[in-house]
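Note: hydrogens, waters and symmetry copies are ignored here, and every other heavy atom, side chains too, is used. Treat the numbers as computed from the prediction; the structure is a model and nothing was measured. Each chain gets a letter, A, B and so on, in the order its sequence line appears, and its residues count up from 1.
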2 protein chains.
Amino acid sequence: MGSGNAGQPAADPVVPLAHRVPDLGALELLLAVARLGSLGRAARERGISQPAASSRLRSMEQQLGVALVERSPRGSRLTDAGALVTDWARQVVEAAEAFDAGAQALRGRRDSRLRVAASMTIAEYLLPGWLIALRTQRPDTAVSLLAGNSAAVAERLLAGEADLGFVEGLDVPAGLDGAVIGHDRLVVVAAPAHPWARRRTELTAAELAATPLILRERGSGTRQVLDAALAGHGGLAAPLLELASTTAVKAAAVSGAGPSVLSELAVGEELAARRLVEVPVLGTRFSRDLRAVWPAGQRPAGPARQLLGLTRALP
Amino acid sequence: MGSGNAGQPAADPVVPLAHRVPDLGALELLLAVARLGSLGRAARERGISQPAASSRLRSMEQQLGVALVERSPRGSRLTDAGALVTDWARQVVEAAEAFDAGAQALRGRRDSRLRVAASMTIAEYLLPGWLIALRTQRPDTAVSLLAGNSAAVAERLLAGEADLGFVEGLDVPAGLDGAVIGHDRLVVVAAPAHPWARRRTELTAAELAATPLILRERGSGTRQVLDAALAGHGGLAAPLLELASTTAVKAAAVSGAGPSVLSELAVGEELAARRLVEVPVLGTRFSRDLRAVWPAGQRPAGPARQLLGLTRALP
DNA sequence: ATGAGCCCATAAGGTGGGGTTATGGGTTCA
DNA sequence: TGAACCCATAACCCCACCTTATGGGCTCAT
């Protein structure tokens, strides 16, 4: 099934993305040039030689087919296009920083200063940002992250193997205290081409329950909330597809395989770009609280307290 | 490694980000493995050999210090950590796709099928997403982008050098028709350590006007709105810093140099992660419409109409 | 049970992108 | 007019990533 298959949508690029987008080093260099106003200065900050910076930037311009900086004997300024590209580059670099913060926590060992246990959705979409913020305040705080469902989070906390937990369930697990730090909403989404995207009337809960959906595997927090909410409407139909990760579910929904229900946090990007469309549902609000939790009676202190403070400005 | 350095204030990484984060090719490979469930299949899709994929993935795991996939004689599945990393990777890849879509439009020539002129904020934060969406619907539509202020956008449209424009001004430029496609709000932001971040009372407009801010250069749309809104409150004080790009302004604000006023679109990320804090302002709403515009009487058709349709689901 | 057809791993060898140092020419300013 | 910035070019080096060739484990149909 190598070539000539029909169903595959806009999948395999002829020339891969990695060849059309400069690598992270080049993007960081561009940001440094924008900030410092000189190739040499930027090179020094990034720890490379000035000719290396010069050639790197030049090949980036060639690759993009756009002049990015105006070089002069007394410095370099961004062109108009360069300013635009620089801001796009910053988005990529920020995503990479979140990746790095998350990965670092994931590899963190037991002796970390701060051990966090978090549910999947929170670990995926919120925690990396918090860790970046924490790093700017306390650069030397080593953080370890363990991701799992609510029960696993509670278990770790009660066993003394984690200092702070985050859960997205409907209630606080027994033995834990908690504080609501934000809210999450489940949204019904479909590809723009799907009939549901063009409905002019709201979906009824019963209709939703009766329709096969693309879902995460049984046991995911999202699915539990959905199950509970639709229990009174005939129960959830057998899934159209059952996939292992949010990523996979989104990809399937975008490609038009069918409608899905996902956290607002997960599909913000897709909705904004109209790769997915939200389908309003009558009456039912698939809302759930996001909570920080800790062993009952033991108020978070030290790094845990600081991280808790960072989480209070949620969307 | 990584232990040893003490006070380094998160500025220039000792070991650069590019060395701690796998490159785009590796991240795309990981996404393909997650989707297809097999190294060999993923390798084929990405157009490389199976050993290359195997070794690439292995070195990524080594770099991150985390096992990402469980290999078995009948395929590979993501580990729990791998699922998390894959979702973080997807964020990076999506940002890179936006970068690519934007860069491609920027290099687009005059003979493109669809010529767009857009103001800076829209070009920076919204257009790339729209272009990605457009590409999935009409892969063969070549788009060119020209970014400038409202006057420049109007000029291009009236000269017949652009098919569709986007502006964020307060009114529709003369000679053009338009439709509101969304709204943008200017927010006052400060670093979490700034006194304003801890205020319990709302800022007055007069107070804001009297305080030196970090701003874009004169002429930016953001600054015009701000000027107009504060004209009745003593006028804007001389800026604390005047920088050339939104990126630079944000960086300065995050580093604590002072308060700034920026589009909500530009600082969403920073607010969510608490790298910046919004400072409420009494009474005044710095709101502005986002509009699609076209020459009066000439309703958009063809690709322009299609793009217009994509923009109707704004935040 | 046995070969086909997947899966993945290891080994050995090529190539080019990105790095380096060395050098030179332009502008600004004390 | 020399010092101190800016940037560019040239010649060289290295390793990260690719390739092809090969082998072993699991599953399944014949």
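Heavy-atom nearest nucleotides on DNA chain C were determined for A:A53 and for B:P51, and the one closer to the 5' end corresponds to B:P51.
If you take CG of A:L27 and P of C:dG18, they are 12 Å apart, rounded to a whole angstrom. Look at CE on A:M60: it is 16 Å from P on C:dG17, rounded to the nearest Å. Taking atom CG of A:L29 as the reference point, atom P of C:dG17 lies 18 Å away to the nearest angstrom.
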Contacts under 3.5 Å, N or O only, protein and nucleotides 4-8 of chain C:
from: C:dC7; atom 1: OP1; to: B:S38; atom 2: OG; distance (Å): 3.3
from: C:dC7; atom 1: OP2; to: B:R44; atom 2: NH2; distance (Å): 3.3
from: C:dC7; atom 1: O4'; to: B:P73; atom 2: O; distance (Å): 3.3
from: C:dC8; atom 1: OP1; to: B:L39; atom 2: N; distance (Å): 2.7
from: C:dC8; atom 1: OP1; to: B:S76; atom 2: OG; distance (Å): 2.8
from: C:dC8; atom 1: OP2; to: B:L39; atom 2: N; distance (Å): 3.3
from: C:dC8; atom 1: OP2; to: B:G40; atom 2: N; distance (Å): 3.0

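Between the side chain of B:E61 and the main chain of B:V69, a donor-acceptor pair closer than 3.5 Å is present. The main-chain N or O of B:A253 is never found under 3.5 Å from a side-chain atom of B:S260 such that the two would form a donor-acceptor pair. Remark: side-chain polar atoms of A:Q63 are paired, donor with acceptor, to backbone N or O of A:H19 under 3.5 angstrom. In this structure a side-chain-to-backbone donor-acceptor pair under 3.5 Å is present from A:R223 to A:R216. Of the possible polar contacts, none joining the A:E70 side chain to the A:R77 backbone as a donor-acceptor pair under 3.5 Å is found.
Contacts of B:L106 classified as side chain to side chain contact (heavy atoms under 4.5 Å, CB included), with partners at least two apart in sequence or in another chain: A:V66, A:A81, A:L84, A:V85, A:W88, B:L145.
Ionic pairing of B:D87 and A:K250 is not present here: no N-O contact between side-chain nitrogen and carboxylate oxygen is shorter than 4.0 angstrom.
Taking the 5' to 3' direction, DNA chain D first and last meets chain A under 4.0 angstrom from a heavy atom at D:dC6 to D:dT9.
With rounding to the nearest 0.5 angstrom, the CZ atom of A:R56 is 9.0 Å from the CZ atom of A:R46.
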